[in-house]
Undergrad: 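Below is a structure I'd like to ask you about.
Positions are given from 1 along the sequence.
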Amino acid sequence: MHNWRERILSAILLVIVTLGSLAAIPSVLLAWREGLVAVAWIDAFALTWVIVIWRHRTLPYRFRAWNLLVLVYLLGMWFLMNIGPASQIYLMAFPVMAALLLGLRPALLALVLNGISLLGLGYAVNADLPLPGFESQPLLKWIVITINFMFINSVITISCAVLLNQLENSLERQRAIAKSLEQGQSHLQKANEDLRLTGTALTRLNDMVVITEASPLDAPGPRIVFVNDAFERCTGYAREEVIGKTPRVLQGPRTSRAELDRIKAALGKREPVHAELLNYAKDGQEYWLDLNIVPVTNEQGELTHWVSVERDITERKKAEEDIHRLAYFDTLTGLPNRRMLLDRLEHVLASARRSPVIGALLYLDLDRFKNINDARGHAAGDALLVSVGQRLGALVREEDTVARLGGDEFVILTTHLTADHDAGGRSAMAVASKVREALEQPFMINGDPYSTSASIGVTLLPKQGQSADELLREADTAMYRAKAAGRNRIAFFEAAMQSEVEERVALEHDLALAITQNQLALHLQPQVDRSGQVVGAELLLRWTHPVRGQVPPSSFIPVAEDSPLMLRLGHWVMDQAFRTQVDLQAAGHALPLSINVSPRQFRQSGFVRHVSDLLASTGANPAHLVFEVTEGLLIENLDRTIARMNALAALGIRFSIDDFGTGYSSLAYLKRLPLYEIKIDKSFIDDTPADPNDTAIVKMILSMARHMGLKVVAEGVETREQADFLMAHGCDALQGYLFAKPAPVGEWLARQSSRPLQPFPMT
């Protein structure tokens, strides 16, 4: 309902009741005194009717309004019949109040009713109403009166109705606007609440959020309009420092330009993009981001902003890098490892099949690195390996690869040398020579100079059907050929090299059988003093193969040393040597017997106990047993070695250092060892006394041994000149082909029984 009309009705009724009540008493009294009893009753009735309508507010509005209008109309009709035209004031109010209380249509209905009532009732009741000019025409007179009344009444009524209708429409519009504003305010309040929640969520989000303008994509780029707290924590930039700037402020020298171009291309197409990017914090610290950039459009579909949600994946990237580094790189030197090398070899070979270009693989093994490592400690050895890796890396081109396979083995993969095979070989030789010369230069480690060299094997690539493993094996084979040739050499792979490798494997297999099939024997080579008397002997291992015949020790001993066979072979030799000593002593030849003991055999944890048990089981005299060891044994775990040598010396065993002068032993070490003798290596005897350098070395060894109270044995004596020189300078015993070749123990005993060995005459 129209509440404003109800308020108007209530106001009208209140005014009528108030004014009517004030005017009712004098009006009724006056009317009663003048004899107008009907007027008095009508006034009282009308006031009562109005009071009833006013009091009963619960009645429907239209019912109350029509009651008031009917009352006004009836009063007008009554006054028209009883008083005359003065009643027109009531009739005038009837349509105006209808327009005011009910609207235009009821007002028009009231006008029509007014016109009919005024014309009909006025003519019928007041036909004689005086009107100049119309005395003889009463009907026409009332028609004129009615028309004039209706004109004025219509103007007032319609004006009032139209005005009220406009007012009502205006109120409806105002109400609609107010309602719309109320709804808009509610929506705005909800939107503000949603925006506050969204802003709070974005601000507190652990992931970084960066919002930029939509353009420009070209330099300097879209400006930042929002960043959250996570962005500030991660980058170190305050919000005020980056608002209005572009994301370029976060980029640095290692930020991927290719990835930035890919992102820009996607943004240019207004497409979402996912990327991983390296950025820089305010303090210059690098950090990795996993970011998703999405476009934001308005209701018209126009691009307005870019929203980037970013997650710090620095730890994940570091873990991935660590895993990759552990999988593909050597932890000590940082060089590629075997796995990475094989991977690159596969790629190089695949590329070479499409466009054959000669490359080379160089396999390097540092010569005698173990001795340096053992003498100076593992820390120094590791530092030397790092320095070698750095020097090799500085020698090669950027597209080449330097890898460390482990230990002291390095590999260089060099590609695109030339298209010609012969020219490729020459280029590879030039690279290998440069590497060898570079490694010959001293290394400074902790202020101390270290010298080393390398044996280098070279193989060319590609070859038909060649795989990465085969290529590596070829270079390895060539490297062993270089090492066998005397170390610090360069050797190229040849087809015959593979045959040598296969022969080595077959020889190892046959040697294993030889131990169990009695193909091995100990030969005895005597040692004589200056008078030519036999003062000792060395037991030497010999192998007679049923097919191969006599296999020289230089062929099978290195094979045994590089395999687990050395332990079995060493135990067999020691058992046979102890029994030989017993046999010689029983035959009247109580000679000191020298037995070669390998470092691997000596370092066995139960070696001392094994020797003790063997002495007990064979009955050998330990005073006549001399263990020959190499200088390499004296370097690794020196304290443990000395303790073990002292334990064996306590059993009566004596020690001799074999091949003295060829290793890296320190004189300070020698005085701590329970030594009995030293043996001058054959390499120094060969050119003595003709070569002044070797002669000087031999003299120095003899002088040193004399001052240390050690017996000296020179091995490999083959000429009278050598023997005379050695004896003249105080050598205690000589051993070599000049006196006797190694012979089977039984044969030597038989010869002594039939014809005792005559002293070798010395000059």
Undergrad: State, with a plain yes or no, whether a side-chain heavy atom of V712 is found less than 4.5 Å away from one of L726.
TA: no
Undergrad: Without hydrogens or angle criteria, can the side chains of D681 and S683 be said to hold a donor-acceptor pair below 3.5 Å?
TA: yes
Undergrad: Taking all non-hydrogen atoms of both residues, which atom of A705 and which atom of I678 are closest, and how far apart?
TA: CB-CD1, 3.7 Å
Undergrad: Yes or no on salt bridge (charged side-chain N to carboxylate O under 4.0 Å, His left out) for D639 and R672, after CA distance, side-chain angles and deciding distance?
TA: CA-CA 10 Å; D639 291 336; R672 298 177 57 191; 3.2 Å; yes
Undergrad: Any chance you could lay out the side chain to side chain donor-acceptor pair (under 3.5 Å) test for Q527 and Q735, step after step, and finish with the verdict?
TA: CA-CA 5 Å; Q527 301 168 350; Q735 175 183 341; 2.9 Å; yes
Undergrad: Between atom CZ of R548 and atom CH2 of W543, what is the distance when rounded to the nearest 0.5 Å?
TA: 5.5 Å
Undergrad: Does the pair D469/R473 count as a salt bridge with the N-to-O cut at 4.0 Å?
TA: no
Undergrad: Side chains of V551 and L507: does their closest heavy-atom pair fall under 4.5 Å?
TA: yes
Undergrad: Answer yes or no for K741 and Y737: cation-pi contact, defined as NZ/CZ to six-membered ring centre under 6.0 Å and angle to ring axis within 45°.
TA: yes
Undergrad: Begin from the C-alpha positions of E538 and S594 and carry the test side chain to side chain donor-acceptor pair (under 3.5 Å) through to its verdict.
TA: CA-CA 5 Å; E538 181 179 2; S594 295; over 6 Å; no
Undergrad: Please lay out, stage by stage, how D408 and V388 fare under the test side chain to side chain contact (heavy atoms under 4.5 Å, CB included).
TA: CA-CA 9 Å; D408 58 348; V388 169; over 6 Å; no
Undergrad: I would like to know whether E474 and L471 meet side chain to side chain contact (heavy atoms under 4.5 Å, CB included); could you show each step before the answer?
TA: CA-CA 5 Å; E474 289 177 2; L471 187 65; 4.3 Å; yes
Undergrad: Quick one: do E437 and Q441 satisfy side chain to side chain donor-acceptor pair (under 3.5 Å)? Show the steps, please.
TA: CA-CA 7 Å; E437 292 171 4; Q441 302 303 313; over 6 Å; no
Undergrad: Determine whether T544 and Q519 satisfy the following criterion, side chain to side chain donor-acceptor pair (under 3.5 Å), listing intermediate values before the conclusion.
TA: CA-CA 6 Å; T544 304; Q519 298 175 14; over 6 Å; no
Undergrad: Find the distance between CG (D732) and CD (E677) and round it off to the nearest 0.5 Å.
TA: 9.0 Å
Undergrad: Show the nearest heavy-atom pair for residues A620 and Q581, with the distance to one decimal.
TA: CA-OE1, 3.4 Å
Undergrad: Would you say the ring centroid of Y450 lies under 6.0 angstrom from that of F443?
TA: no
Undergrad: When rounded to the nearest 0.5 angstrom, what distance separates CD1 in I595 from CG in L541?
TA: 12.0 Å
Undergrad: Under a 3.5 Å cutoff, is there a donor and acceptor pairing between the side chains of D694 and T688?
TA: no
Undergrad: Students often mix this up, so state it plainly: with edges at 30° and 60°, are the rings of F607 and F602 parallel, tilted or perpendicular?
TA: tilted
Undergrad: If you define the side chain from C-beta out and look only at heavy atoms, does anything of L364 sit under 4.5 Å from V411?
TA: no
Undergrad: Assign the ring pair W748 / H589 to parallel, tilted or perpendicular, where the plane angle (0 to 90°) is split at 30° and 60°.
TA: perpendicular
Undergrad: How long is the gap from CG on L392 to OG1 on T333, to the nearest 0.5 Å?
TA: 9.5 Å
Undergrad: Distance check, rounded to the nearest 0.5 Å: R568 atom CZ versus Q601 atom CD?
TA: 13.5 Å
Undergrad: Inspect the contact between R579 and D575 and indicate whether a charged nitrogen and a carboxylate oxygen are less than 4.0 angstrom apart.
TA: yes
Undergrad: Are any of the side-chain heavy atoms of M645 and F627 separated by less than 4.5 Å?
TA: no
Undergrad: What I'd like to find out is whether the side chain of M429 reaches to under 4.5 Å of the side chain of I490, using heavy atoms alone.
TA: yes
